[in-house]
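Note on naming: letters A, B, ... go to the chains in the order of the sequence lines (proteins, then strands), and numbering restarts at 1 for each one.
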There are 2 protein chains.
Amino acid sequence: MSSAVRNRMQLHQQNIQSVFAEVFNHQPISRIEISRNLALNKSTVSALYRDLKDQGYVEELGEGDASNVGGRKPVLLAVNRKYGYTMNFDFGYRHLHVMQNNLSGDVLSYKQVNVKGLTLKQILPLIDAELENISANDHSSHGLLGISFAIHGTVDHNKVTYSPFLDMSQVDLEDYYTQKFQVPVLLENEANVSAVYERDFNKANEQLSNMVTISIHRGIGAGLIIHQSLHRGIHGEAGEIGRSVSIDGNWDGEPRKVEDYCSEDAIITQIQDQKHADNMTREDVVRLFKADDQVTKSALTGFVRNVAGIIYNVANNFDPDVIFLNSPLIEALPELKPQIESFYAQMAPSIRVPIKLTKNSHYATLLGGCALVTREVLGMEDAKLNFGAQTVVL
Amino acid sequence: MSSAVRNRMQLHQQNIQSVFAEVFNHQPISRIEISRNLALNKSTVSALYRDLKDQGYVEELGEGDASNVGGRKPVLLAVNRKYGYTMNFDFGYRHLHVMQNNLSGDVLSYKQVNVKGLTLKQILPLIDAELENISANDHSSHGLLGISFAIHGTVDHNKVTYSPFLDMSQVDLEDYYTQKFQVPVLLENEANVSAVYERDFNKANEQLSNMVTISIHRGIGAGLIIHQSLHRGIHGEAGEIGRSVSIDGNWDGEPRKVEDYCSEDAIITQIQDQKHADNMTREDVVRLFKADDQVTKSALTGFVRNVAGIIYNVANNFDPDVIFLNSPLIEALPELKPQIESFYAQMAPSIRVPIKLTKNSHYATLLGGCALVTREVLGMEDAKLNFGAQTVVL
DNA sequence: TGTGAGTTGGTTGTTTGAACAAACTAATCT
DNA sequence: AGATTAGTTTGTTCAAACAACCAACTCACA
């Protein structure tokens, strides 16, 4: 209410943002096309565009093709590729993933750094080195614009509140990097950024307003896009579906959580125990499954049933347009997907929510973080922005 | 995006709505106060108010008190109490609840009609009679403005898609009443309107953006307010938490739903079976509980544990600012609430979502429907409207 | 108790400025 | 050359802002 457009100046600012969003989402685009899309007079668009250009956000890309019945060629406009860049990180169990993106969300560089067994304080200098290295080779006009971190754990008010396999309580990342660079620094749960990725980077989802991304890694969490915006909850704990307990009338002993049955960790531990093995990894499970190992096959059948149950419950809770699965295990064994779908179909005979796999989950979290921090840089948190409109993957 | 304010006319319309919202939410209010609240010039507010008055939406209520340091008395403005009325219905199991409200959401009349055992086609003439009776005694300028129905079941696109105890597939209520009166007719799930009630009628919730109302009647459902707006889901099935199944690794036989364990029906049936009784009602259960009956007490302990588990799961899924319980059984036995809270506290030792009871659940659904249909009448679906600002309960 | 200074609510007439419209230039096609 | 399209320039429009005013009140003080 109080943030609503109410006077001419606010109207002007909003229209500038609308023009920028058009350039962002449909680059390369001409002024006349923006004018038609926004139902704004072409002279108005020209004036608004001039403001954006003075601020350096946009640039001309050259001439486009004229219409086939004659007429002047349009001048193609685009987001300034040399405006600056964001740095986006993902703390994986074994690797730190590092990505550099420009203002449009295009990937400028990507790198994995081995951090297995290191503490956060030991990782910090590695991050600093990456930032310095990138900064030294940069030729953009504004340089570093913002930093994002995808966290495998919960985040509240930009602080890590819980992180299962890397102690993050010793360092305040937001504090450290805002002090150092005076740019927006953003921490966000990994399932949440993954959901933002689907909203902002996946053109197929442009018209969808409700999406749930179920992330099955060492734990289980969901990222929620509701009414086109990320639902974090008051403590940043919305979508912590791995903590759900069974409601079945049995209350003997400690209630067990969903995560205890069907996280990737739970499955690996289960197979390990039955095989009296040790230190197994996802790759081992994949290998055993492909070698037709019966213990593994039956464990994964249980996994598949449980995932179907989770999907059924998520569908009943949120009734989204689509559910994404972000699971390296299922990504490695795509034959599990139809099994999940068939168990789900048994549970929900009539109305079902479509299920899709998130491809290349590491990129997803980095790009989701990129989208969030870029929006903050632009002050366009709520606008409809279509990142990666012409992303060139390296 | 495309609905954003972009030209002077749209700006003007939005500002008219802002002024109306101020009158609506803070009536009685003076022009100067609106001007200060909206940061609009007082002459602008005067002009916008004049438009609203010409359309009949508002009226002057007389003079207020002057400031204690002198100065002219303000003229107090309010929503026109004689503009028209909405009719709001709730199909209960035993009664049809009927409420007439004015444009501000004030209760003009309330009535229960016995409909136990009747089919929808038999109930229809009773509804028509109520509408005619009210219409005959009305002296407002625009008469009937809209109709809402709270449905114990699921609703999609204003059609009932599932209704457990009253067959509603034979009659299209929206069709029938729009044909008859040419006013907006709205069908909505009972848990959803209950959630809207908490958002729009409960001043204590004004600052809250995420609320879940758990409705425990013959089934279990949740109404979701997320980011201040009702989340229905793509098929209108969001919040159907009663259908959730347990994820516990056991997949022998048909999975049982939450509803099977802890709806009011399930509890009554359970007690009935153990007592070899028949046709028990909620009132019987309440009586037995108060008479210290052990079977009832132990059944309700199970109920309380299950409700705590449901709350825990809802908190993990949505992480709302508050959870409301809309349950006639708990309303009748308020001593159950602390028990629920204590079981919940055992499950979630650190972060907990506050739990509150919805008072007078029948009013809640009617008023929630009133809020929804009134918003549609005004074309102000997304504005922040504070209904019942000065509701006089009859 | 009466008067005038100070204060506040609301109206009237004028100014402002962002979007708009029309007329223009530029560049292309057939 | 005539038709068509892209973009610019120049002047118009109209809702909000502003300034000056009127209306009506309080309070202090004679």
Side-chain angles (χ1 to χ4, degrees), chain A residues 2 4-20 22-23 26-54 58-78, chain B residues 2 4-20 22-23 26-54 58-78:
Chain A
S2 53
V5 172
R6 209 165 277 131
N7 60 39
R8 267 179 324 214
M9 212 186 73
Q10 290 165 348
L11 180 69
H12 189 61
Q13 287 306 314
Q14 168 161 320
N15 283 343
I16 287 180
Q17 292 210 336
S18 295
V19 170
F20 182 71
E22 280 297 310
V23 173
H26 304 113
Q27 54 185 313
I29 189 174
S30 65
R31 279 168 258 245
I32 197 73
E33 210 178 329
I34 296 173
S35 158
R36 282 194 280 257
N37 291 348
L38 296 179
L40 281 173
N41 190 281
K42 57 181 178 171
S43 59
T44 307
V45 171
S46 274
L48 296 170
Y49 176 80
R50 199 156 28 237
D51 277 23
L52 281 168
K53 200 186 168 186
D54 291 347
V58 289
E59 61 177 350
E60 274 110 75
L61 231 48
E63 294 184 327
D65 291 336
S67 123
N68 57 358
V69 287
R72 178 175 169 178
K73 283 179 181 168
V75 178
L76 296 179
L77 315 174
Chain B
S2 53
V5 172
R6 208 164 277 132
N7 60 38
R8 266 182 325 221
M9 211 187 75
Q10 290 165 348
L11 180 68
H12 189 62
Q13 287 307 312
Q14 169 161 319
N15 283 342
I16 286 182
Q17 291 210 339
S18 296
V19 169
F20 182 71
E22 281 296 311
V23 174
H26 304 113
Q27 54 184 313
I29 188 174
S30 65
R31 276 168 260 245
I32 196 73
E33 211 178 329
I34 296 173
S35 157
R36 283 195 278 257
N37 291 347
L38 296 179
L40 281 174
N41 192 281
K42 56 182 178 173
S43 58
T44 306
V45 171
S46 276
L48 296 170
Y49 176 79
R50 200 154 32 235
D51 277 22
L52 281 167
K53 200 187 170 185
D54 291 347
V58 289
E59 61 177 350
E60 274 110 74
L61 231 48
E63 292 184 329
D65 291 337
S67 125
N68 57 358
V69 289
R72 178 174 171 178
K73 282 180 180 168
V75 178
L76 296 179
L77 315 175

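Looking at heavy-atom distances under 4.0 Å, A:Val45 makes no contact with the nucleic acid at all.
Residue B:Ile34 forms a side-chain contact (heavy atoms from CB on, under 4.5 Å) with just one option from B:Thr44, B:Leu40, B:Val45, and that option is B:Val45. For the side-chain contact (heavy atoms from CB on, under 4.5 Å) with B:Leu61, the qualifying choice from B:Ile29, B:Leu77, B:Leu76 is B:Leu76, the only one to do so.
Distances were taken from every side-chain heavy atom of B:Ser46 (C-beta onward) to each of D:dT8, C:dG10, C:dG17; the shortest belongs to C:dG10. Side-chain proximity of B:Pro74 to the nucleotides D:dC18, C:dA19, C:dG10 is greatest for C:dG10. Distance from the side chain of B:Ser43 is smallest to D:dA17 among D:dA16, D:dA6, D:dA17.
We find that CG of B:Leu77 is positioned 12 Å from P of C:dG9, with the value rounded to whole Å. One interatomic measurement links the two molecules: OH of B:Tyr49 to P of C:dG10, which rounds to 10 Å at whole-angstrom precision. Atom pair B:Leu11:CG and C:dG17:P shows a separation of 16 Å (rounding to whole Å applied). At whole-Å resolution of the value, CD in B:Glu60 and P in C:dG9 are 16 Å apart. Put simply, CD on A:Gln10 is 16 Å from P on C:dG17, counting in whole angstrom units. Atom CD1 in A:Ile29 sits about 10 Å away from atom P in D:dG7, given to the nearest Å. Whole-Å rounding puts the A:Arg50 CZ to C:dA19 C1' distance at 14 Å. Going from atom CZ of A:Arg31 over to atom P of D:dT9 covers 11 Å, rounded to whole Å.
For D:dA16, one of the phosphate oxygens OP1 or OP2 lies less than 4.0 angstrom from a side-chain nitrogen or oxygen of B:Asn15. At C:dA27, none of the side-chain N or O atoms of A:Lys73 fall inside 4.0 Å of OP1 or OP2 (strictly under the cut-off). Between A:Arg8 and the phosphate of D:dC18, there is no side-chain N or O to OP1/OP2 separation shorter than 4.0 Å. An OP1 or OP2 oxygen of D:dC14 is reached within less than 4.0 angstrom by no side-chain nitrogen or oxygen of B:His12.
A donor-acceptor contact under 3.5 Å links the side chain of A:Lys42 to the base of D:dG7. Checked by distance alone, A:Arg72 brings no side-chain donor or acceptor within 3.5 Å of a matching partner on the base of D:dT4.
A side-chain donor from one of B:Glu60 and B:Tyr49 sits under 3.5 Å from a side-chain acceptor of the other.
Each of A:Ser30 and A:Asn7 has a nearest nucleotide on DNA chain D; the 5'-most of these lies closest to A:Ser30. Each of A:Leu48 and B:Asn41 was matched to the nucleotide of DNA chain C holding its nearest heavy atom; the match closer to the 5' end belongs to B:Asn41.
Looking at heavy atoms from C-beta onward, A:Asn7 lies in side-chain contact with A:Gln10 at the 4.5 angstrom threshold.
Interatomic distance, B:Asn37 CG to B:Ser18 OG, rounded to the nearest 0.5 Å: 11.0 Å.
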